[in-house]
Amino acid sequence: MSQETPGDILVEAHPHWRRLVLNRPAKLNAVDAPMLERLIAAIDAAEADAACRALVLTGAGRGFCAGQELGPYVTPSEAGAPDLEALAGRYHHEVVRRIRASRLPFIASVNGVAAGAGAGFALACDIVMAARSAKFVQAFVRIGLIPDSGSTFFLSRLIGDARARALAMLGDAIDAETAERWGMIWRAVDDAALAGETDALVERFVMAPAGAMAGMKRLFASASAGAPLDSQLDLEAREQGIAGRSADFAEGVRAFQEKRPPRFNQG
Ligand code: T3D
């Protein structure tokens, strides 16, 4: 494992996966534009590494991510109000777009509070695993904003309109167990078990057929965008054609017939 430490984004590189750590623990890993630029660059670098098969996103210290840093940059002043449309579009939403468009499975390992855009980043990931003490807060309304970073999209699809609206409009925190019960996240685990459970999960992705993972991401992107069944069936057939021509499929069938575990990603 190698570790780059550019400061607020730590990149822990393992042979076939990377852990990206949001690292501003004194502010519960609140983000600003330069930090998000570095996060985007770290995602792009993992994407460009053909050997990389999965990414873990987590936070340093007791928080996962407290959303946009509420500092001078976003504080309205005599010079005027900040341009939040540009800020969201160029930075926060680029993170969400990249996670969703990536060929790589993303695991959010939510070690503590995920608030505002921080909750959006977690929910954009393919699998969300959270420490039992972690909380999810649609904090936007508390400061007079609307939920961005994909929050209205993800919440209404994951937990339904009634709960999504209540969380967004009230800004109440929910704990990880409630989030699991509501289907917002994959699993809540004991705090002490989070790191180990995350590593066990990412190792499964390392062994999984990478082409099939990328195909699934394309399919879920289309399905969750609200594609009609007919076009989704066409897309599934096309993706299955790609998967069916892959070395991983040949290996998977052989392994099944030979009653042994498959060795994917060799071809
Ligand atoms: O263009 C755009 O669209 C902009 C993008 C907007 C997207 C957004 O994310 S808007 C939402 C921004 N985030 C928030 O409103 C959350 C603010 N934070 C909180 O509400 C609370 O901190 C939490 C509920 C997350 C956690 O509460 P708690 O009691 O566990 O911790 P704390 O004591 O409030 O915070 C600990 C420290 O982190 C504290 O600093 P201190 O007093 O110890 O020096 C606090 O100020 C700092 N901190 C927490 N969140 C932020 C922050 N500092 C700057 N920015 C933050 N977002």
Side-chain angles (χ1 to χ4, degrees), residues 7-10 20-40 43 57-77 79-100 106 108-125 128 130-156 158 163-179 182 184-185 188 191 194:
D8 49 23
I9 301 293
L10 306 183
L20 309 184
V21 185
L22 306 171
N23 184 38
R24 293 173 88 192
K27 294 181 176 180
L28 303 178
N29 307 313
V31 294
D32 59 11
M35 179 172 174
L36 290 175
E37 222 161 49
R38 287 186 278 275
L39 177 59
I40 290 166
I43 293 172
L57 184 63
T58 192
R62 76 174 178 89
F64 174 74
C65 174
Q68 169 62 37
E69 180 188 4
L70 301 178
Y73 190 76
V74 296
T75 307
S77 68
D83 184 350
L84 296 191
E85 182 176 353
L87 183 62
R90 258 183 240 146
Y91 300 101
H92 306 73
H93 292 187
E94 274 309 309
V95 171
V96 172
R97 284 200 177 92
R98 275 171 164 77
I99 293 173
R100 285 283 159 144
F106 274 66
S109 184
V110 181
N111 52 303
V113 66
F121 298 158
L123 298 182
C125 291
V128 186
R132 236 174 269 290
S133 68
K135 292 192 180 344
F136 295 83
V137 196
Q138 293 298 309
F140 309 88
V141 68
R142 297 181 179 185
I143 53 169
L145 294 183
I146 54 89
D148 67 9
S149 304
S151 299
T152 53
F153 182 96
F154 299 132
L155 284 178
S156 54
L158 291 167
R163 284 170 169 161
R165 284 175 194 246
L167 288 188
M169 292 177 173
L170 301 174
D172 291 348
I174 59 164
D175 60 34
E177 283 183 356
T178 304
W182 286 5
M184 195 169 118
I185 66 169
D191 289 22
L194 181 67

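In each ligand, atom 1 is the first atom listed, and ligand 1 is the first ligand listed. Sequential numbering from 1 along the given sequence is applied to the chain's residues.
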**Asked** Does any N or O in the side chain of R100 come within less than 3.5 Å of the main-chain N or O of A124, such that one atom is a donor and the other an acceptor?
**Response** yes

**Item:** Value rounded to 0.5 Å, distance of NE2 in H92 from CD1 in I40
**Value:** 9.5 Å

**Request:** Considering only protein heavy atoms, determine whether one is less than 4.0 Å from atom 10 (S) of ligand 1.
**Result:** yes

**Asked** Any N or O on L70 sitting closer than 3.5 Å to an N or O of ligand 1?
**Response** yes

**Is_contact(atom 21 (C) of ligand 1), protein non-hydrogen, under 4.0 Å** = no

**Item:** Interatomic distance, L28 atom CG to E69 atom CD [nearest 0.5 angstrom]
**Value:** 11.5 Å

**Item:** Nearest-0.5 Å distance, CG of residue L87 to CG of residue L36
**Value:** 8.0 Å

**Message:** Using a 4.0 Å heavy-atom cut-off, which part of A117 comes near ligand 1: side chain, backbone, both, or neither?
**Reply:** both

**Message:** For atom 24 (C) of ligand 1, which of the options Q138, K135, R142 provides the nearest non-hydrogen atom?
**Reply:** R142

**Side-chain donor/acceptor of R24 to backbone N/O of D8, under 3.5 Å** = no

**Item:** Side-chain donor/acceptor of R163 to backbone N/O of W182, under 3.5 Å
**Value:** no

**Request:** Flag atom 34 (O) of ligand 1 as yes if some protein heavy-atom distance to it falls below 4.0 Å, otherwise no.
**Result:** no

**Prompt:** Mind checking whether A86 has a heavy atom under 4.0 Å from ligand 1?
**Reply:** no

**Asked** Does the side-chain contact (heavy atoms from CB on, under 4.5 Å) test come out yes or no for V96 and F121, once each step is laid out?
**Response** CA-CA 6 Å; V96 172; F121 298 158; 4.0 Å; yes

**Request:** Please say whether L84 places an N or O atom under 3.5 Å from an N or O atom belonging to ligand 1.
**Result:** yes

**Asked** What atoms in ligand 1 come closer than 4.0 Å to a heavy atom of G67?
**Response** 9 (O)

**Asked** Any N or O of H92 that comes nearer than 3.5 Å to an N or O of ligand 1?
**Response** no

**Item:** Residue and atom name of the nearest protein heavy atom (relative to atom 26 (C) of ligand 1), distance in Å to one decimal
**Value:** L28 CD1, 3.5 Å

**Prompt:** Do protein heavy atoms approach atom 16 (C) of ligand 1 to less than 4.0 Å?
**Reply:** yes

**Prompt:** Looking at CD of E85 and CG of D148, how far apart are the two atoms once the value is rounded to the nearest 0.5 Å?
**Reply:** 11.0 Å

**Asked** Is it true that R90 and E94 make a salt bridge, defined as a side-chain N closer than 4.0 Å to a carboxylate O?
**Response** no

**Complete:** Value for CE (M184) from CG (L155), rounded to nearest 0.5 Å, stands at 6.0 Å

**Prompt:** What do you think, any protein heavy atom under 4.0 angstrom from atom 3 (O) of ligand 1?
**Reply:** yes

**Request:** Enumerate the atoms of ligand 1 whose separation from the nearest heavy atom of A139 is less than 4.0 angstrom.
**Result:** 14 (C), 15 (O), 16 (C)

**Request:** Run the numbers on R98 and L39 for side-chain contact (heavy atoms from CB on, under 4.5 Å), then give the verdict.
**Result:** CA-CA 10 Å; R98 275 171 164 77; L39 177 59; over 6 Å; no

**Prompt:** N/O to N/O below 3.5 Å, does that happen between V113 and ligand 1?
**Reply:** no

**Prompt:** Which residue owns the protein heavy atom closest to atom 31 (O) of ligand 1, what's the atom, and how far is it?
**Reply:** R62 NH2, 3.0 Å

**Request:** Measure from atom 50 (N) of ligand 1 to the protein's non-hydrogen atoms and state whether any distance is below 4.0 Å.
**Result:** yes

**Request:** Starting from atom 18 (N) of ligand 1, locate the nearest protein heavy atom and write down its residue, its atom name and how far away it is, to 0.1 Å.
**Result:** A66 CB, 4.6 Å

**Asked** Does an N or O from L145, backbone or side chain, lie closer than 3.5 Å to an N or O of ligand 1?
**Response** no

**Prompt:** Under 4.0 Å from atom 13 (N) of ligand 1, do we find at least one protein heavy atom?
**Reply:** yes

**Request:** Tell me which protein heavy atom sits closest to atom 57 (N) of ligand 1, plus the residue, atom name and distance to 0.1 Å.
**Result:** Q68 O, 2.9 Å

**Message:** When you measure from the side chain of N111 to the backbone of L194, do you find a donor-acceptor pair of N or O atoms at a distance under 3.5 Å?
**Reply:** no

**Complete:** re atom 56 (C) of ligand 1, the protein heavy-atom contact at minimum distance is A30 CB, 3.6 Å

**Message:** Tell me the protein heavy atom at minimum distance from atom 48 (N) of ligand 1, and give that distance in Å.
**Reply:** K27 O, 3.9 Å

**Fill in**
Numbered in order shown, the ligand 1 atoms found under 4.0 Å of a heavy atom of E69 are 54 (C), 55 (N)

**Request:** Before giving the answer on side-chain contact (heavy atoms from CB on, under 4.5 Å), spell out for V74 and L84 the whole-Å C-alpha distance, their side-chain angles and the decisive distance to 0.1 Å.
**Result:** CA-CA 8 Å; V74 296; L84 296 191; 4.2 Å; yes

**Asked** So do I143 and L70 actually touch side chain to side chain, heavy atoms under 4.5 Å?
**Response** yes

**Message:** The test is side-chain contact (heavy atoms from CB on, under 4.5 Å); show your working for L123 and S151 and say whether it passes.
**Reply:** CA-CA 8 Å; L123 298 182; S151 299; 5.9 Å; no

**Prompt:** Considering distance alone, does some N or O of F140 sit under 3.5 Å from an N or O of ligand 1?
**Reply:** no

**Item:** atom 39 (C) of ligand 1: nearest protein contact (heavy atom, Å)
**Value:** A26 O, 4.4 Å

